[in-house]
2 protein chains.
Amino acid sequence: MARTTGSDGEKTEATIREAAVNLIARLGYEAMSMRQLASEVGVQAAALYRYFPTKEELLFTLMREHMEGLTEAWEAARPVSADPVQRLSAYVENHIAFHIERRHATHVSNMELRSLSPERLTQILRMRTAYEKELRAILRDGAETGVFSIDDTGLTAMALIQMMTGVIVWFRPGERLSIAEVTTTYLSMTMRLVGAKIDAYSAARPFGRAKDAVAF
Amino acid sequence: MARTTGSDGEKTEATIREAAVNLIARLGYEAMSMRQLASEVGVQAAALYRYFPTKEELLFTLMREHMEGLTEAWEAARPVSADPVQRLSAYVENHIAFHIERRHATHVSNMELRSLSPERLTQILRMRTAYEKELRAILRDGAETGVFSIDDTGLTAMALIQMMTGVIVWFRPGERLSIAEVTTTYLSMTMRLVGAKIDAYSAARPFGRAKDAVAF
DNA sequence: GCACTAATAAAACAAACGTTCAATTAATTC
DNA sequence: GAATTAATTGAACGTTTGTTTTATTAGTGC
C-alpha cells in the first residue's frame with residue numbers, strides 16, 4: 001500500500017498538530033512515541049516525517065505558534081487607554097480566556113521547555129519574557145501614578161502570572177464555575193493584590209472578552 | 001569485579017535518592033535513564049535495583065516522602081491560635097520556606113505526576129488534597145468571622161497555592177532577593193488578596209520561620 | 001581464618017525508540 | 001491517457017531503554 005484515497009497534506013498536518021498537542025499534554029513529550037502519535041492520526045509513523053523533520057521540531061513548532069497566538073491575542077485586546085486599571089483588567093481577562101481556551105497547548109508550552117535544544121529554548125523564552133514585560137510595565141505605571149500600591153513590581157508580576165496560569169491546572173469547562181465567573185473572581189483578586197484604589201471589582205459585573213472590557 | 005571497597009548500602013541509597021531528585025528535576029523522569037542515574041551515583045545500573053525494584057517505584061518514593069515532609073513541616077509550624085490571620089501567615093511562611101528549600105523535589109512532585117500508575121497517583125493526590133484542605137479551612141474561618149473578604153474559598157485557595165508554589169520557578173538562592181524578603185512580600189500580597197482587615201503587612205517586619213511567627 | 005551475608009559488576013535480554021529508505025499508489029497536469 | 005507530483009506504506013536500521021541473571025568480591029561474626 002502507499003498513498004491512500006482522499007489523502008490531503010494540509011488536513012494531515014493539521015490533524016498531526018492537534019493530536020500532538022493532546023498527546024503531549026496528556027503523556028508528556030518524552031513519553032509520547034512517534035508511533036503512538038501516528039496511530040492517533042491514523043497513519044504510519046514514517047508519514048509524520050513528511051511534515052516535521054524531527055520530533056523536537058514538532059514540539060518547537062507547537063510551542064512557537066502557541067506563544068505567537070498569545071502575543072497576537074494580547075495585541076488585539078490591549079486597550080488604547082493609558083489607565084493602569086483598565087490595562088490590567090484587559091491583561092488579566094485576555095490571559096485567562098486564552099489559557100482556558102488552549103489549556104492543552106499551554107500545558108505543553110509550560111511543561112516541556114526542557115526538551116528543547118538551547119537555541120530553541122532561548123527563542124521561546126524570549127517570546128515569553130516579552131509578553132511578561134507588558135504586565136510589568138502596567139504594574140510600574142500604576143505604582144508610579146499611585147493607582148496601585150506594590151512592593152516589588154517584578155515579583156508581583158511573577159506572582160500574578162503564576163496565579164492566573166494556574167487556572168489550567170484545576171479548571172474543567174462545564175463544571176462548577178463558568179469562564180465568566182472565574183475571570184470575575186480572578187480580576188477581583190488581582191485588583192486587591194496590587195492594592196488598586198478603586199475597588200469595585202468584588203461586586204459581580206458584566207463579563208466581556210478582553211477587547212470589550214475597555215469601557216467600565 | 002563485584003563489591004567495591006568502602007561500599008555501604010545506606011550511603012548508596014541516600015546518594016541514589018539525592019541524585020535522582022536532581023536528575024529528574026533537570027531532565028524529567030522519562031528523559032532520565034537508569035544508566036545515567038547510576039553513573040551519577042558512581043555505580044552500575046544493576047546496583048540501583050538493590051534499592052528500588054523499578055524506576056517508577058523510585059519516583060513514587062521520592063514523591064511520597066516529599067509530601068510527607070510537607071505535611072510534617074506544616075504540623076510543626078501550625079500555630080495553636082485560632083486567629084485566621086496568624087494561621088494564614090504561618091501557612092504562607094511554611095509553604096514558601098519549604099518549597100524554596102526543596103525546589104528540586106517540589107519540581108518533581110508537581111511535574112511528574114503523570115508518570116505514576118493510577119493507584120500511586122491517587123495516593124499522592126490524596127496527600128496533596130489534605131494539605132490544601134488546611135488552607136481552605138483557614139480561609140473559610142476567616143471569611144465567616146469577617147476577618148477576610150473572599151468571593152470563593154476554593155478558588156482563592158487554588159490561586160494562593162499556585163502563586164506561592166510558583167516561587168520555585170524563578171527563585172534562585174543568592175540572587176537579588178533573600179528568602180526573607182520574598183516571604184515578606186508574598187505575605188503582604190496574600191493578606192491583600194484575601195482582603196485581610198488588619199493591613200500592617202506591607203511594612204517590613206522581622207522575619208521568622210513559621211513556628212516563630214505565632215506572636216505578632 | 002572460615003562461613004556467611006551484603007554490595008556490586010558485567011553481560012545479556014527483549015522491547016521500544018527515532019528515523020531512513022525504497023516501493024507504491026492517488027491525484028494532478030498537460 | 002501518459003507523465004509528473006503528492007502522500008503514504010512497510011520494512012529495516014542502529015541505539016537505547018528498563019530490567020534480570022550470574023558471578024565475584026568486601027565486610028562481618030565467630
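Throughout, protein chains are lettered first and strands after them, A, B, ... in sequence-line order, and every chain is numbered starting at 1. For clarity, every value in this text was computed on a predicted model and none was experimentally measured.
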Handout entry: Expected output: side-chain B/Tyr29 to main-chain B/Glu56 donor-acceptor under 3.5 Å
Key = yes

Problem - Length of the line joining B/Gln44:CD and D/dT24:C1', which is rounded to integer Å - result: 14 Å

Exercise for the section: State whether the side chain of A/Ser188 and the backbone N or O of A/Thr184 hold a donor-acceptor pair below 3.5 Å, judged by distance alone. Expected result: no

Practice task
Mind calculating the distance between NZ (A/Lys55) and P (D/dT15) to the nearest angstrom?
Solution key: 19 Å

Exercise for the section: Report which part of the nucleic acid A/Phe52 touches: base, sugar-phosphate, or nothing (heavy-atom distance under 4.0 Å, all strands). Expected result: nothing

Practice task
Please figure out whether A/Gly42 or A/Arg35 has its closest DNA chain D nucleotide nearer the 5' end.
Solution key: A/Gly42

Practice task
Answer yes or no: does a side-chain N or O of A/Ser33 lie under 4.0 Å from OP1 or OP2 of C/dA16?
Solution key: no

Handout entry: Partner of B/Leu70 under side-chain contact (heavy atoms from CB on, under 4.5 Å), chosen from B/Met127, B/His99, B/Arg102
Key = B/His99

Fill in the blank from the handout: Here the distance between atom P of C/dA7 and atom OH of B/Tyr49, to the nearest Å, is 19 Å

Practice task
Determine, using ring centers only, whether A/Trp74 and A/Tyr131 are less than 6.0 Å apart.
Solution key: no

Exercise for the section: Ignoring backbone atoms, test whether B/Tyr51 places a side-chain nitrogen or oxygen under 4.0 Å from the OP1 or OP2 oxygen of C/dT8. Expected result: yes

Exercise for the section: Examine D/dG18: is either OP1 or OP2 under 4.0 Å from a nitrogen or oxygen in the side chain of B/Thr54? Give yes or no. Expected result: no

Fill in the blank from the handout: A/Glu13 CD to D/dA6 C1', in whole Å, measures 14 Å

Exercise for the section: Please report, rounded to the nearest Å, how far the C1' atom of D/dT9 is from the CZ atom of A/Arg50. Expected result: 13 Å

Fill in the blank from the handout: Looking only at C/dA10, D/dT9, D/dT8, the nucleotide nearest the A/Ala46 side chain is D/dT9

Problem - Rounded interatomic separation in angstrom, taking CG from B/Leu37 and P from D/dT16 - result: 18 Å

Practice task
Answer yes or no: is there an ion pair linking B/Arg17 with B/Glu65, defined by an N-O contact shorter than 4.0 Å?
Solution key: yes

Practice task
Could you state the atom-to-atom distance from CE of A/Met34 to P of C/dA16 in whole Å?
Solution key: 18 Å

Handout entry: Nearest-Å distance for atom pair CD/P, residues A/Glu30 and D/dT16
Key = 14 Å

